[in-house]
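To start, the structure itself, in structure tokens.
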2 protein chains.
Amino acid sequence: MNLNKAWGILKENGFKETTKRNQILEIFEGDERYLTARDILDVMQKDYPSMSYDTVYRNLATFVSLDILEATELSGEKHFRMHCESDHHHHHFICMDCGKIKEIPLCPMDLLGAALPAYEIDNHKFEIYGKCPECK
Amino acid sequence: MNLNKAWGILKENGFKETTKRNQILEIFEGDERYLTARDILDVMQKDYPSMSYDTVYRNLATFVSLDILEATELSGEKHFRMHCESDHHHHHFICMDCGKIKEIPLCPMDLLGAALPAYEIDNHKFEIYGKCPECK
DNA sequence: TTTCCAATAAGAATGATTACGATTTACTTT
DNA sequence: AAAGTAAATCGTAATCATTCTTATTGGAAA
């Protein structure tokens, strides 16, 4: 996901182009790690000392709802990153040192198939945690 | 996991037998759902109006560290339940309505095998969320 | 340019969790 | 059984992430 595509989605859905919104997206475009709301605020406040948490959280929620960002909960805190470009469903290895991810092309749900008849499956989470080759 | 086994582990590790601790364990023994710290406190305060959060959280952390309870984070809150009896590694389907679980006997990590060479894998999470047959 | 409504700022509120000094309790030793 | 000791608990306050509220600002349409 890049800035242009993100703005396309936002415009399609009637969201206004604001400087704050743009800078939040720029931060994510330039960082492949999972970031917290605080991470974003810290960067933003260098340029906008009056930046508020509310603006960060509100926009992060907007971006996630439009599939511009993807979110996961790591050690009790919500983390965000640009939504993957790859069009097919996949999962992530997450480096707990640097926060970078590696795509895992397969999904365990494929194998489960009809292993859970009578169950309504709404969602699933599969994540692998550890250290990437660079951090090891 | 039952009360006796839990107390065996606790005694082995030098923990004292207290009434509060015992009642927390009894609650988990009698409930197969994932419960929050608040759930525990609410039940306990009927018998012990002075019960404090500190006691709940401290004991939950103790129990998890001794593998008496297992924990997971559901919609931003830590949830706990008795550690499964089954000796082999498995995962869970979790009903988001009633909180009950169903064991999934297979683990996606088996398939990944050597798909992540050079990566240090410390941990993984695989959970399926939805509605169980009773709640559907 | 003016107007309208979304977007933001500022700060208070909330909810979960942790921390801490004072007190009580369980277990050990006498 | 009584006393000693360290663990466990209480009561309360602090902290952290997140959300809410109200007034103000800013983007874009008329």
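Quick note on labels: first sequence line is chain A, next is B, and so on, each numbered from 1. A quick note: this is a predicted structure, and the numbers were derived from the prediction, not measured.
- Following rounding to the nearest Å, B:E17 (CD) and D:dT9 (C1') show an atom-to-atom distance of 16 Å.
- Nucleotide D:dT25 holds its C1' atom 14 Å from the OH atom of A:Y48, rounded to whole Å.
- Heavy-atom distances to DNA chain C give each of A:F15 and B:H79 a nearest nucleotide, and the one nearer the 5′ end belongs to A:F15.
- Cation-pi geometry between A:K131 and B:Y119 is not met: the NZ or CZ atom fails to fall both under 6.0 Å from the ring centre and inside 45° of the normal.
- For the OP1/OP2 pair of D:dT9 and a distance below 4.0 Å, the side-chain nitrogens and oxygens of B:T18 include at least one atom meeting the criterion.
- The 12-atom threshold is exceeded at CZ of B:R58, counting heavy atoms of other residues, nucleotides or ligands nearer than 6.0 Å.
- With respect to B:H83, the side chain to side chain contact (heavy atoms under 4.5 Å, CB included) criterion is satisfied by exactly one of B:D67, B:L66, B:V64, B:I9: B:D67.
- A salt bridge does not link A:E32 to A:R81: none of the charged nitrogens lies less than 4.0 Å from a carboxylate oxygen.
- A:R21 approaches A:K16 most closely through the heavy-atom pair NH1-O, 2.8 Å.
- Taking A:E120 as the reference, nothing meets the salt bridge (Lys or Arg N to Asp or Glu O under 4.0 Å) condition, with sequence neighbours excluded.
- Under the 6.0 Å cut-off for aromatic ring centres, A:H91 and B:H124 do not qualify, their centroids lying 6.0 Å or more apart.
- Residue contacts shown for A:R21 are limited to sugar-phosphate atoms, with no base heavy atom under 4.0 Å away.
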Worksheet item: With the sugar-phosphate defined as primed atoms, P, OP1 and OP2, and the base as all remaining atoms, what B/S/- string results for nucleotides 14-19 of chain D, 5' to 3', for protein heavy atoms under 4.0 Å?
Response: ---SBB

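- If you take CZ of B:R58 and C1' of D:dA6, they are 14 Å apart, rounded to a whole angstrom.
- B:H88 places no side-chain N or O within 3.5 Å of a backbone atom of B:S86 that could act as its donor or acceptor partner.
- The distance between atom CG of B:N13 and atom C1' of D:dA7, rounded to the nearest whole Å, is 14 Å.
- Base engagement by B:S52 is indicated by at least one non-hydrogen atom pair under 4.0 Å involving a base atom.
- Scanning both residues, B:P108 and A:P108, for their nearest heavy atoms gives CB-CB, 3.6 Å.
- Heavy-atom nearest nucleotides on DNA chain C were determined for A:N59 and for B:K11, and the one closer to the 5' end corresponds to A:N59.
- As judged by a 4.0 angstrom heavy-atom cut-off over every strand, B:S50 is placed among residues touching the sugar-phosphate backbone only.
- Between D:dT9 and B:K16, no contact under 4.0 Å exists linking OP1 or OP2 to a side-chain N or O.
- Taking the 5' to 3' direction, DNA chain C first and last meets chain B under 4.0 angstrom from a heavy atom at C:dA16 to C:dC27.
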